[in-house]
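Side chains are part of it too, since the values below use all heavy atoms of this structure and drop only hydrogens, waters and symmetry mates. A, B, ... follow the sequence lines: proteins, then strands. Residue 1 opens every chain. Everything quoted here is computed from the prediction, not taken from an experiment.
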There are 2 protein chains.
Amino acid sequence: MNIGDVATRSGLPAKTIRYYEDIGLIKPHRSANGYRCFQEADLHKLAFLGRARALGFSIEDCRMLMALYEDESRASADVKQLALEHLSKIEAKIADLQAMRDTLTELVHCCAGDSRPDCPILKDLSGALSPEVEAKAE
Amino acid sequence: MNIGDVATRSGLPAKTIRYYEDIGLIKPHRSANGYRCFQEADLHKLAFLGRARALGFSIEDCRMLMALYEDESRASADVKQLALEHLSKIEAKIADLQAMRDTLTELVHCCAGDSRPDCPILKDLSGALSPEVEAKAE
DNA sequence: CTTGACCTTCCCTTGACTGGAAGGTCCATA
DNA sequence: TATGGACCTTCCAGTCAAGGGAAGGTCAAG
């Protein structure tokens, strides 16, 4: 298979596949004309990577997950630990975003959104303590 | 004030403050020795930027928010629209992260995490349909 | 007079790609 | 056989919002 075929079948852009080769995640063979030449196993790896990335794992996590996947004497505990660490990062991000969302929602709620310049959003950003937002924060 | 003082007082690293000057968000004066020389107004701007960034606004959003803040004939509707667009991006991110979290939580739950190689997390990444995760997805 | 804390600019690195230029290859059609 | 278009290749630059560190200038205390 050429890169276009694996791109279609894996759902990953050709650019991304080349990048993954660049950083050593996959090692496709080359045809006589210099084109990359992918086996089914390469496609399988790419699909694996695509799913891991879609779950938010970093490239380095993916590298370790692939290594574990290919290590038949692995301990599932190692995989689970990777996943748990990743999970806690995700939960921290969610909490951060939710805090932003809550503050923003409240500020937006307080803003008239009309043609007048007076704006509690800007007032808050400029350092003024907004009574409504403060109250909600308690 | 020198950059160290505003860094301390604004809570932003000196590197970040120089960067903000670089991209035109602030324009501190210079002393005879070439040192940046910050007024209270610069400090106020930096604090504004710090708070806007903490709410997740992009640098370009911050630039617009600052412009609106300094425009006494602004319409609060413009500020509100910026905030609402940002809010919807945040909500989309939260939803993405929650979906990842839910899948990961389920996978982690299914994994024994012991010394054996068998692992539902890797099984899922490799493309197998996991009955438990599939069931939860319904 | 020296030490150490501060300041300056400059360039490189991050993560995970994406875009684009310049050029080679392959295949079908005229 | 020519040619056009769809592929493929490598390489370089850019994204976002800084952070790291080198090389060198400045300032104040002891």
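Residue-level contact check: B:Ile3 touches the backbone only, with heavy atoms under 4.0 Å from sugar-phosphate atoms and none from bases. Within 4.0 Å (heavy atoms only), B:Arg18 reaches at least one base atom of the nucleic acid. As judged by a 4.0 angstrom heavy-atom cut-off over every strand, A:Phe57 is placed among residues making no nucleic acid contact.
When the P atom of C:dC17 is taken as reference, atom CD1 of A:Ile26 falls 12 Å away, rounded to whole Å. Rounding to whole angstrom units, CD1 of residue A:Ile17 and P of C:dA16 are separated by 17 Å. If you measure from atom OH of A:Tyr19 to atom P of D:dT10, you get 16 Å, rounded to the nearest angstrom. The interatomic distance linking A:Glu21 (CD) with D:dC11 (P) rounds to 12 Å, in whole Å. Between the CG atom of B:Leu49 and the C1' atom of D:dA17 there is a distance of 13 Å, given to the nearest Å. Straight-line distance from the CD1 atom of B:Ile59 to the C1' atom of D:dG14: 17 Å, rounded to whole Å. Rounded to an integer number of Å, the gap from A:Asp5 CG to D:dC8 P is 7 Å. The separation between A:Asp22 atom CG and D:dC11 atom P is 9 Å, rounded to whole Å.
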With salt bridge (Lys or Arg N to Asp or Glu O under 4.0 Å) as the test, would you mind laying out the steps for B:Glu70 and B:Lys45 before giving the verdict? CA-CA 10 Å; B:Glu70 292 176 340; B:Lys45 275 194 185 187; 3.3 Å; yes
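There is no side-chain donor-acceptor pair under 3.5 Å between B:Asp118 and A:Ser76.
Distance from the side chain of A:Thr16 is smallest for C:dT18 among the nucleotides C:dT18, C:dA16, D:dC8. When each of D:dT9, D:dA17, C:dT18 is scored by its nearest atom to the side-chain atoms of B:Ser58, the top-ranked nucleotide is D:dA17. Taking every side-chain heavy atom of B:Asn2 into account, C:dC7 is the closest of C:dC7, C:dC17, D:dA18. Of the listed nucleotides (C:dC7, D:dC8, C:dT18), C:dT18 has the atom at the smallest distance from the side chain of A:Lys15.
Side-chain atoms of A:Asp114 come within 3.5 Å of backbone atoms of A:Arg116 as a donor-acceptor pair (strictly under, hydrogens ignored). For the pair B:Arg63 (side chain) and B:Ile23 (backbone), a donor-acceptor distance under 3.5 Å is present. Formation of a donor-acceptor pair under 3.5 Å by the B:Arg53 side chain with backbone atoms of B:Gly50 is not found in this model.
Around NE2 of B:His44, the count of heavy atoms belonging to other residues, nucleotides or ligands within 6.0 Å exceeds 12.
Here the side chains of B:Lys89 and B:Lys93 are not in contact, with every heavy-atom distance at 4.5 Å or above.
The salt bridge (Lys or Arg N to Asp or Glu O under 4.0 Å) analysis of residues 4-30 of chain A, with sequence neighbours excluded, yields the pairs A:Arg9-A:Glu40, A:Glu21-A:Arg30, A:Glu21-A:Arg36.
Less than 4.0 Å separates DNA chain C from at least one heavy atom of each of the following residues of residues 31-48 of chain B: B:Gly34, B:Tyr35, B:Arg36.
Residue A:Phe38 comes nearest to A:Ile26 through the heavy atom pair CE2-CD1, 4.0 Å, listed as atom of the first residue, atom of the second, then distance.
Summarising the geometry, atom CD belonging to B:Glu85 is positioned 11.0 Å from atom CG belonging to B:Leu87; distances are rounded to the nearest 0.5 Å.
From one end of the helix from C:dC1-D:dG30 to C:dA30-D:dT1 to the other, with five pairs defining each end axis, the axis direction shifts by 30° (rounded to 10°).
Using a 4.0 Å cut-off, no side-chain N or O of A:Arg53 falls inside it from OP1 or OP2 of C:dG15.
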